[in-house]
Amino acid sequence: MRYGFVVPFASELEFIELAELGEEHGWDAVFSWEGVWRRDAWVQLAAAAARTQRIRLGTVITPASRYRPWDLASLVSSVDQVSQGRVTLGVGLGALNSNWTRFEGEEPRRDRARKLDECLEVFSRLTSGEPFSYDGEHYSLDLTTPVEPAGPPPSVQRPHPPVWPVGAYVPGRARQRSLERAARWQGVFPAVAGGAEGSSGLTLDALGTIVTELQRLRADAGLPWEGYDVVVEGDSHGDFGEVHGAPQQWADAGATWWVESWWDVPDGPDGVAELRRRVQSGPPRA
C-alpha cells in the first residue's frame with residue numbers, strides 16, 4: 001500500500017510547502033484538484049515538482065472532457081519533465097457544481113463521457129512522441145508528418161504518464177462502462193454510483209466487486225493485472241465521506257493506494273495549519 005494526500009485549499013506557495021513536508025514525512029504522493037475557476041492545479045504541481053525529489057504529483061481529478069487533448073498533453077508533459085517522471089493524471093467527468101455551470105453551462109453526461117474517452121486516446125498518443133493520425137467525433141488531427149515548431153519531447157514515463165480514471169460501479173447493471181474505461185488505463189479511483197454527495201459510496205464489499213470486475217476486463221483485453229493501481233480515497237483524521245478505518249482493510253480488499261481526502265478542512269490559515277499538522281504526522285501505515 002502506498003499513501004498520498006489531497007490538498008483541498010492552499011495557495012501556490014503553501015502547496016509547495018505541503019509537498020515538501022509530505023516528502024520529508026514519508027508520503028508517496030501529493031494531489032491537487034481542478035475546478036473551472038480556481039488556483040491552477042498544474043502550476044501548483046509544476047512548482048512543487050521543482051522543489052521535491054521523490055514524491056509523486058497528481059490530480060484528483062482532472063475533468064478531461066473540458067480540455068483539448070493537445071492542451072492537456074502539453075501541461076502533463078511539462079510537469080512530467082520538471083518532475084523527471086513523477087506525475088500521474090487522475091481523470092473523471094467532473095462535478096457540475098456552480099464553479100462549472102456559471103462559466104460553461106451544463107453538458108449531458110453522455111457527451112462528457114465521449115469527449116473524455118477521445119481526449120485520453122489522443123493524449124496518450126501525443127505524449128508518446130510517435131507520429132499518428134486520429135479522426136474522432138470531437139477531435140481530429142494528422143501528425144504523420146512533423147509540425148513546425150515541434151511539440152514537446154516524449155514524456156519521461158513511457159509510454160505516457162499513468163492515467164487513473166474514476167471507475168463508478170452501477171449495481172444491477174450488466175455492462176459497466178465506467179469500469180471498462182478505467183480498465184483500459186493504469187489505475188482507478190473506484191466508486192459506487194448513486195452515493196451521497198461528497199461520498200464515493202464505497203464499501204469493502206463493493207471494492208471487492210469492483211476489483212474482480214476490473215481483473216476480468218483486463219484479462220479479456222489481454223492486459224496484465226500486476227502494476228495496476230486501485231486508489232481508495234479515505235479520511236483517517238476527520239469525518240469526510242464514508243471511507244474510514246484502517247487502510248490495511250482496504251489493501252486486503254485490493255487497494256494499492258490510500259489517498260487522504262481532507263475535504264472538510266476549512267479554507268484559510270486555520271485550515272492550512274491543520275493540513276501541516278496532518279502531513280507532518282505521516283501516512284497512516286499499519
Side-chain angles (χ1 to χ4, degrees), residues 1-63 79 83 86-88 90 92 94-103 164 166 189 191 195-202 231-247 250 257-286:
M1 178 78 89
R2 286 180 284 180
Y3 297 86
F5 62 93
V6 181
V7 177
F9 304 106
S11 71
E12 290 78 2
L13 295 178
E14 289 165 341
F15 187 92
I16 295 170
E17 177 197 355
L18 290 165
E20 290 179 306
L21 278 176
E23 185 164 89
E24 178 184 350
H25 290 278
W27 294 87
D28 298 300
V30 56
F31 296 90
S32 186
W33 60 279
E34 290 200 65
V36 175
W37 186 42
R38 71 173 297 268
R39 297 182 185 274
D40 190 279
W42 294 101
V43 170
Q44 291 179 323
L45 295 171
R51 293 274 291 271
T52 55
Q53 300 296 321
R54 177 193 57 80
I55 197 167
R56 290 196 67 83
L57 309 118
T59 51
V60 180
I61 60 169
T62 292
V79 179
S83 67
R86 290 182 285 128
V87 68
T88 297
L96 290 181
N97 51 35
S98 61
N99 190 276
W100 181 315
T101 58
R102 291 192 188 181
F103 297 96
W164 293 348
V166 172
F189 287 102
E197 182 70 22
S199 171
S200 66
L202 202 61
V231 189
V232 170
E233 290 187 77
D235 185 352
S236 64
H237 285 258
D239 299 318
F240 177 79
E242 298 170 354
V243 178
H244 302 281
W250 298 90
W257 279 85
W258 173 273
V259 175
E260 292 280 351
S261 297
W262 299 322
W263 299 104
D264 58 348
V265 172
D267 189 2
D270 290 343
V272 172
E274 176 62 13
L275 291 175
R276 290 192 191 99
R277 185 190 72 79
R278 295 184 184 189
V279 172
Q280 287 173 325
S281 70
R285 303 185 190 277

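Since this is a predicted model, take the numbers as computed values, not measurements. Along the sequence shown, residues are numbered consecutively beginning with 1. FYI, side chains are in, hydrogens and waters are out, and symmetry mates aren't considered; it's all heavy atoms of this structure.
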How long is the straight-line distance from [atom2] of [Y] back to [atom1] of [X], given to the nearest 0.5 Å?
X: Arg54; Y: Ser83; atom1: CZ; atom2: OG; value: 13.5 Å
X: Ile61; Y: Phe31; atom1: CD1; atom2: CZ; value: 12.5 Å
X: Arg285; Y: Arg2; atom1: CZ; atom2: CZ; value: 10.5 Å
X: Asp28; Y: Ile55; atom1: CG; atom2: CD1; value: 7.5 Å

Run the ring-ring contact (aromatic ring centres under 6.0 Å, His included) test against Trp164 and tell me which residues pass, sequence neighbours left out.
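Listed in chain order: Phe189, Trp257.
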Tell me every residue that passes ring-ring contact (aromatic ring centres under 6.0 Å, His included) with Phe5, counting only those two or more places apart in sequence or in another chain.
Trp27, Trp262
For residues 263-270, dump all side-chain donor-acceptor pairs below 3.5 Å to protein atoms at least two apart in sequence or in another chain.
residue	atom	partner	partner atom	Å
Asp264	OD2	Asp239	N	3.2

How would you list all residue pairs meeting salt bridge (Lys or Arg N to Asp or Glu O under 4.0 Å) that involve residues 5-22, not counting sequence neighbours?
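As it turns out, the salt bridge (Lys or Arg N to Asp or Glu O under 4.0 Å) pairs with a partner in residues 5-22, which skip direct neighbours, are Glu12-Arg39, Glu17-Arg276, Glu20-Arg51.
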Which residues pass the side chain to side chain donor-acceptor pair (under 3.5 Å) test with [X], not counting sequence neighbours?
X: Ser32; value: Gln44
X: Trp100; value: none
X: Ser281; value: none

Closest approach of Ala10 to Phe15 (non-hydrogen atoms, all atoms of both residues):
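For Ala10 and Phe15, the tightest heavy-atom pair comes out as CB-N, 4.1 Å.
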For the residue pair Ile16 and Ala47, what are the closest heavy atoms and their distance?
CD1-CB, 3.5 Å
So Val243 and Asp235, side-chain contact (heavy atoms from CB on, under 4.5 Å) or not? Walk me through it.
CA-CA 6 Å; Val243 178; Asp235 185 352; over 6 Å; no
Under the salt bridge (charged side-chain N to carboxylate O under 4.0 Å, His left out) test, residues paired with Arg277 that sit two or more places apart
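Arg277 satisfies salt bridge (charged side-chain N to carboxylate O under 4.0 Å, His left out) with Glu274 once adjacent residues are dropped.
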Using salt bridge (charged side-chain N to carboxylate O under 4.0 Å, His left out) as the criterion, list what pairs up with Arg86, not counting sequence neighbours.
none
Any Glu260 side-chain heavy atom under 4.5 Å of Arg278 side chain:
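The answer is no; the side chains never approach within 4.5 Å.
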Are side-chain heavy atoms of Leu18 and Val30 found at a separation under 4.5 Å?
no
